[in-house]
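Below is one structure, written out as C-alpha cells, with a few remarks after it.
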Amino acid sequence: MKINKDLLKRLCLAFGPSGNEDEVRDIIISEIKDFADDYYTDKTGNLIAFKKGLETPGKKRLFSAHMDEVGFMITDVFDGGYLKFKNLGGIESSVILGKRALIGGKRLPAVFGGKPVHLIKKEERGKIIPAEDIYLDIGIIKNSGEDSPEKEKADKAEKAVEIGEFAVFKSDFSEFGQNKIKCKALDDRFGCCVLIQMLRSELSYDSYFAFTVCEEIGLRGAKTAANIINAGIAVILEATTAGDIYNKNQKNKICSLGKGAVISIMDNSAVYNKRLVNLALETADKNNIRTQIKQSVTGGNDSGAFQKSGGGAEVLAVSLPTRYIHSPSCAADYGDMDECLKLAFALEKVLS
C-alpha cells in the first residue's frame, strides 16, 4: 500500500493558507465525488463527507485532516513594491528571509526581504531578524517615466495587491536523498491525501471524513465539524515535528524520519484516549506496521477540538514525522507515509 505521489504533489502545491482553502477543497472534491455517498461544504468552509461501509459501527467514526497551510496576510502596501504582512500560524522569522512567496488570487510572485548582510551591525550579527523587519518585495519601481510601458506595468502590478490579500511560500515538490521528499504544506496535505485514498476504497464500517479549515490559527474549522458530526471516535491524520536534526545530545528529538507512523500520548491540544492508543499499537504490531511514540508534549492539532467540542470524542492522532515543518521545505520520508497510510486502513477495519 503506497501513498499516491501525484495526488500528494497536487495537494501540496495548491494555494491554501488559513481561511483560503478553496483550491485545496476543489481538488479533494474532484477526487472523492464519485466515491462518497454524501459530501458538502459547511458554513465555515469544512468539507464533510460520508461513505457507507459493509457494516454500521457501534460508535460514529470520523477521520479528519486539515486543508490549510501556514501563510501570510498583507497588512500594508508601500511605494516601491514593498508589502508588510502578518503570519498566519506558527512561522519563525528565521525560515522566511530570502524565500519566495505567491500572493493573492493572481499568484503574484514575491521575495521576502530584509536588511542586507553588509548593513547588519556587529551587535546585530547572529540574532534572528524580527518578523516586523522583514517585508515582501514584488519588484515594482514606480518612478519609471510618466507614460512608459514600465510605469503602466508597475501601476497594474501594484494595484494587484491590496491590504487583506493572502500569501503562501512558493515551493517546489522535490525528491532527494534516500526516499525523502521536500515541499511546502506537507502539514497537512499529507493527511488529506490519506483520507482521499480511504474514501476511494471499500470500507468495513460507515465513516465520516472531515477536511477542515483554519487549523493553523486555532482549530477553528474542527470545532464546527465536531458539533456537526458529533462523532464518538475521531482519528486525526497529521504531520508532526520530527526534531531529529543534528544535535549531539539529541535534546530536541520528538520522533524520527524513517521509523514509521507517530502515535501521540499527549500534546498541547489533547490527552489521547488510552484505549485507542493501545488499539493502534496492537493493530500496527499485528500488521507489521512500523510505529513510534511521540517523545515530547509539544504541538497540537484538531484532536483538541474534537475531544472538547459538542459531546466530546475519543481521539487518536496518527502523524507523519516531518523536518522543518511550517517552512517552504518541509521534509518527510515516503516510507513513513506508507506506514501511516497502512495504519489508517488497518484501524478502519477495527474501530467500531
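Computed from heavy atoms alone, side chains included, the values below leave out hydrogens, waters and symmetry copies.
- With hydrogens and angles left out, the side-chain atoms of T240 and K294 include a donor and acceptor closer than 3.5 Å.
- Between the side chain of N268 and the backbone N or O of T298 there is no donor-acceptor pair closer than 3.5 Å.
- If you check the side chains of H66 and D187, you find a donor sitting under 3.5 Å from an acceptor.
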side-chain contact (heavy atoms from CB on, under 4.5 Å) between V235 and L276, worked out: CA-CA 9 Å; V235 179; L276 295 185; 5.5 Å; no

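- For the pair K2 and Q197, the tightest heavy-atom approach, listed with the atom from each and the gap, is O-NE2, 3.2 Å.
- Contact check for I289 versus T283: no side-chain heavy atoms found under the 4.5 Å cut-off.
- Remark: D37 engages F50, K51, K52 in a side chain to side chain contact (heavy atoms under 4.5 Å, CB included) (not counting sequence neighbours).
- Screening residues 317-352 for ring pair (Phe, Tyr, Trp, His ring centres under 6.0 Å) gives no qualifying pairs among residues at least two apart or on separate chains.
- Between F72 and F112, the distance separating the two ring centers is shorter than 6.0 angstrom.
- A salt bridge between E314 and K59 is present, with a side-chain N of the basic residue lying under 4.0 Å from a carboxylate O of the acidic one.
- The shortest side-chain heavy-atom distance between Q292 and S256 falls under the 4.5 Å cut-off.
- A distance-only check finds a donor-acceptor pair linking the side chain of S171 to the backbone of P328 [under 3.5 Å].
- In summary, the aromatic rings of F209 and Y39 are positioned with their centroids too far apart to meet the 6.0 Å limit.
- Screening residues 169-182 for salt bridge (Lys or Arg N to Asp or Glu O under 4.0 Å) gives D172-K182, K180-D333 as the qualifying pairs, with residues at least two apart or on separate chains.
- A donor-acceptor pair is defined here as one N or O able to donate and one able to accept, closer than 3.5 Å; no such pair exists between the side chain of E162 and the backbone of V77.
- Taking 4.0 Å as the cut-off between side-chain N and carboxylate O, R25 and D22 count as a salt-bridged pair.
- Minimum interatomic distance between L102 and P109 (heavy atoms only, all atoms of both residues): CD2-CA, 4.2 Å.
- A donor-acceptor contact closer than 3.5 angstrom is absent between the side chains of Y82 and D76.
- For D68 (side chain) and E215 (main-chain N/O), a donor-acceptor pair under 3.5 Å exists by modelled atom type.
- A side-chain donor-acceptor contact under 3.5 Å links S64 to the backbone of A210.
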One pair to check against side-chain contact (heavy atoms from CB on, under 4.5 Å): L316 and N273. What are the steps and the verdict? CA-CA 7 Å; L316 173 73; N273 182 269; over 6 Å; no

For salt bridge (Lys or Arg N to Asp or Glu O under 4.0 Å), just list the numbers for E132 and K84, CA-CA rounded to whole Å, side-chain angles, deciding distance to a tenth of an Å, and then say yes or no. CA-CA 8 Å; E132 55 265 27; K84 294 303 293 181; over 6 Å; no

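- Nearest heavy-atom pair, A261 versus V318, reported as atom, atom and distance to 0.1 Å: CB-CG1, 4.1 Å.
- Atom CG of L351 sits about 8.5 Å away from atom OG of S207, to the nearest 0.5 Å.
- The only member of R107, R10, R189 that meets salt bridge (Lys or Arg N to Asp or Glu O under 4.0 Å) when paired with E23 is R107.
- A donor-acceptor contact shorter than 3.5 Å is absent between the side chain of D285 and the backbone of L281.
- One finds the CD atom of E69 at 10.5 Å from the CG atom of L186 (value rounded to the nearest 0.5 Å).
- A donor-acceptor pair shorter than 3.5 Å cannot be found between the side chains of N227 and S309.
- Side-chain atoms of I265 and I293, non-hydrogen and from C-beta on, do get closer than 4.5 Å to each other.
- In this structure, L257 and D244 have side chains that are in contact, with non-hydrogen atoms separated by less than 4.5 Å.
- Here the side chains of L341 and L237 are not in contact, with every heavy-atom distance at 4.5 Å or above.
- In this structure a side-chain-to-backbone donor-acceptor pair under 3.5 Å is missing from E216 to L88.
- With 3.5 Å as the limit, one finds no donor-acceptor pair spanning the side chains of T212 and N46.
- Under a 3.5 Å cut-off, the side chain of S30 and the backbone N or O of I28 do not form any donor-acceptor pair.
- When S269, S264, S303 are each tested for a side-chain contact (heavy atoms from CB on, under 4.5 Å) with V315, only one passes: S303.
- Taking the charged nitrogens against the carboxylate oxygens, K259 and E339 have no contact shorter than 4.0 Å, which rules out a salt bridge.
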